[in-house]
Amino acid sequence: MKYIHVIESFSLEGGGVKSVVEDVSKQMAKDGDDVYVLAMSVPEGFTVQSMKEWSRTTGVHGEVISTSQSWWQSIRYVHRRIKELCREDDCCLYLHLKRGVLCGILATLEMKNIRRVEVYHSGYMNYKLQAFLCRPFIDQYLSVSKEGKEQLVRQFGAKESKVKVAYNGVDVEKLRAMATDLRPDRQNVRLLTVGRLAYQKNIFLSVEAFARLKEAGKAVGAEYLIAGDGPDRQELEEKAKGQVTFLGMIGRDQVYSHITSADVVVFPSLWEGNSIALLETLAIGCALVVTDIPSFREVLGNNPLTDTELFRPEPFGAVFHKDRVESCMAALEYVCTHQAELPAMRNVVARLADNFTVVKQAEVYRQAATIKKS
């Protein structure tokens, strides 16, 4: 059996779906599976040679389709390549994101020894037509959360029996080994947010909340760092009024170092699928301040906030309303003024990490490859 991931764009920087594909394919190769990643494109700075070096060190067969090719040329390439790979072996295709799903299906329409697995990363918009057209060609769906499974069934018409939850996972052992405590014996609290500076991540809310706390003379000595880049950066820097440090885009290893040196990691997202950054924070062990959204509740196990609650202290840190700056301010002030409780919060977070390992994720992916074609 060959396991083939098809994804529109791939690189080793940043997080999100790219890091999901990177981590699960590496784990499957480590376990002895014959794994391929077919990337339709790569971002500027990540070359075909970079992919070859990654393949050499991980055992994953990574291949890049030239970015100069048209959409239909890309489909023909994927068709030709999968036909070569599956000439003698059965193959399981893991199709990621909308264009990966379309490309994988169109490239393999007449092939018989193919199992097509759509990996649903949640939060798709305007997906009903594609979901309807692709449904007859999908043998199994893997959703990264229970919320995503409900979306597939209720909004996009997938059969519930064909949808399985496959939580994202991280290399917990590796991250824990890297997580030498870098927190100095300091009196101030260091807050950190990691993510793309774009609408979904809702970083405007946490930046405004922190700036208002500082202006009010609260959270004295606290500092707030943001790692990531995106279209909202300039506007965010203006809203921060000099109270927030923007680190820009940094590599994954640097992200781990910053999480390790932070006291609290803040996730102000409006929605998420199954956040890799959150799972990495669990593995490293850091107190959390998060929005009250279903995917975070699914991982952390907290109950929804009521309308009358401004925010809620939790064993892992605090949770706040995603659309109320006063709620975020209260949550941030709470962790900044309960510094003595942060070590206990870190211990709670670290224990949750064992539920979300890449070893478990890889096993669910393998199981999806054995589903009989309907």
Side-chain angles (χ1 to χ4, degrees), residues 1-43 45-66 77-78 80-97 100 103-104 107-108 113-117 119 121 140 142 144 166-178 251-256 274 276 279-280 283 353 356-370:
M1 171 72 75
K2 289 184 171 68
Y3 304 92
I4 304 170
H5 295 265
V6 180
I7 184 170
E8 177 180 353
S9 179
F10 183 79
S11 73
L12 305 180
E13 296 296 328
V17 178
K18 296 172 186 176
S19 62
V20 172
V21 173
E22 178 190 357
D23 291 345
V24 74
S25 60
K26 283 167 56 178
Q27 182 62 47
M28 294 177 78
K30 181 179 178 181
D31 293 339
D33 296 323
D34 196 6
V35 187
Y36 295 76
V37 172
L38 301 184
M40 300 171 66
S41 66
V42 293
F46 186 74
T47 63
V48 173
Q49 187 58 42
S50 301
M51 180 69 98
K52 288 181 179 179
E53 178 61 22
W54 177 74
S55 298
R56 187 187 66 79
T57 57
T58 63
V60 180
H61 307 284
E63 301 180 19
V64 179
I65 302 168
S66 172
Y77 173 89
V78 173
R80 185 168 63 250
R81 190 68 184 104
I82 293 177
K83 194 170 183 179
E84 292 171 354
L85 294 172
C86 303
R87 184 172 290 121
E88 297 179 356
D89 295 325
D90 287 342
C91 289
C92 180
L93 300 187
Y94 302 105
L95 310 177
H96 300 269
L97 301 178
C103 180
T108 61
N113 58 334
I114 297 289
R115 291 178 175 83
R116 302 182 192 91
V117 177
V119 184
H121 296 275
Q140 177 79 9
L142 293 179
V144 299
Y167 290 116
N168 292 334
V170 295
D171 191 336
V172 172
E173 292 184 3
K174 172 188 172 183
L175 289 170
R176 284 176 176 165
M178 295 173 61
R252 290 183 78 183
D253 286 351
Q254 291 177 285
V255 168
Y256 303 150
N274 186 209
I276 289 293
L279 302 185
E280 290 172 336
F356 302 96
T357 70
V358 72
V359 173
K360 293 180 179 179
Q361 181 189 14
E363 183 55 37
V364 177
Y365 273 56
R366 283 189 207 95
Q367 291 171 3
T370 65

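Both backbone and side-chain heavy atoms feed into the values below; hydrogens, waters and symmetry mates do not. Residue indices begin at 1 and follow the sequence shown.
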Atom pair OG (S11) and CH2 (W54), whose distance is rounded to the nearest 0.5 Å
11.0 Å
CD1 (I276) and CD (E22) are apart, to the nearest 0.5 Å, by 10.0 Å
Salt bridge or not for K26 and D31, using N-O below 4.0 Å?
no
Decide yes or no for R176 and E173: does some side-chain heavy atom of the first lie under 4.5 Å from some side-chain heavy atom of the second?
no
Can we say E53 and R56 salt-bridge, meaning some charged N sits less than 4.0 Å from an Asp/Glu carboxylate O?
yes
Less than 3.5 Å apart, any donor N or O on the side chain of E280 or Y256 sitting next to an acceptor on the other?
yes
Give a yes or no on whether the backbone of V60 and the side-chain of S55 come within a donor-acceptor separation of less than 3.5 Å.
yes
side-chain contact (heavy atoms from CB on, under 4.5 Å), paired with H61, selected from L38, D34, V35:
D34
Does a sphere of radius 6.0 Å around CD in E84 hold more than 12 heavy atoms from other residues, nucleotides or ligands, not counting ones at 6.0 Å or beyond?
yes
Please indicate whether K360 has more than 12 foreign heavy atoms, meaning atoms of other residues, nucleotides or ligands, lying under 6.0 Å from its NZ.
yes
What are the two closest heavy atoms between G104 and L93, and how far apart are they?
O-CD1, 4.0 Å
Flag the pair D23 / D171 as yes when at least one side-chain heavy-atom distance between them is below 4.5 Å, and no otherwise.
no
I need the minimum non-hydrogen distance between A39 and M51, along with the two atoms involved.
CB-CE, 4.1 Å
Which heavy atom of A362 sits nearest a heavy atom of M28, and at what distance?
CB-CG, 3.8 Å
How about NZ on K83, more than 12 heavy atoms from neighbouring residues, nucleotides or ligands closer than 6.0 Å, or not?
no
Taking the side chain as every heavy atom from C-beta outward, state whether K2 and D90 have any atom pair closer than 4.5 Å.
no
Classify the ring geometry of Y167 against F356: parallel below 30°, tilted from 30° to 60°, perpendicular beyond 60°.
perpendicular
Donor-acceptor contact below 3.5 Å, side chain T357 vs main chain A353
no
Derivation of the side chain to side chain contact (heavy atoms under 4.5 Å, CB included) call for H121 and H96
CA-CA 8 Å; H121 296 275; H96 300 269; 3.1 Å; yes
Using only atom types and a distance under 3.5 Å, with no angle test, would you say the side chain of R116 pairs donor to acceptor with the backbone of T108?
yes
Would you compute the distance between atom CD1 of I4 and atom CZ of R115 and round it to the nearest 0.5 angstrom?
12.5 Å
Work out which heavy atom in V364 is nearest to a heavy atom in A166; give both atom names and the distance.
CG1-CB, 3.6 Å
Pair R252, S19 - check side chain to side chain contact (heavy atoms under 4.5 Å, CB included), show working.
CA-CA 9 Å; R252 290 183 78 183; S19 62; 3.6 Å; yes
Separation of C103 SG from I82 CD1 (nearest 0.5 Å)
7.5 Å
When you measure from the side chain of N168 to the backbone N and O of N274, does any donor-acceptor pair fall under 3.5 Å?
yes
Name all residues meeting the side chain to side chain donor-acceptor pair (under 3.5 Å) criterion together with R87; count only those two or more places apart in sequence or in a different chain, and write none if there are none.
none
Checking M40 against S9 for the side chain to side chain contact (heavy atoms under 4.5 Å, CB included) test, could you report, in this order, the C-alpha distance in whole Å, the side-chain angles of both residues, the deciding distance, and whether it holds?
CA-CA 6 Å; M40 300 171 66; S9 179; over 6 Å; no
Going by atom types alone, do R81 and Y77 pair a side-chain donor with an acceptor below 3.5 Å?
no
Under a 4.0 Å threshold between the charged nitrogen and the carboxylate oxygen, would K18 count as salt-bridged to E8?
no
Under 3.5 Å, side chain of Q254 to main-chain N/O of G251, donor-acceptor pair present?
yes
Close side-chain approach of H5 to Y36, heavy-atom, < 4.5 Å:
no
Heavy-atom pair with the smallest gap, counting every atom of Y3 and A369:
CE2-CB, 3.7 Å
Is there a side-chain contact between V117 and L142 (heavy atoms, below 4.5 Å)?
yes
Test C86 against I114 for side chain to side chain contact (heavy atoms under 4.5 Å, CB included), laying out the working first.
CA-CA 8 Å; C86 303; I114 297 289; 3.7 Å; yes
Between D33 and R366, does at least one N-O distance fall below 4.0 Å, as a salt bridge requires?
yes
Under the criterion ring pair (Phe, Tyr, Trp, His ring centres under 6.0 Å), I'd like the reasoning laid out for Y94 against Y365: C-alpha separation, chi angles, the key distance, then a yes or no.
CA-CA 9 Å; Y94 302 105; Y365 273 56; 5.1 Å; yes
Closest non-hydrogen atom pair between A368 and Q140, with its separation:
CB-CG, 4.0 Å
Mark yes or no for whether N113, through its side chain, and D89, through its backbone, hold a donor-acceptor pair below 3.5 Å.
yes
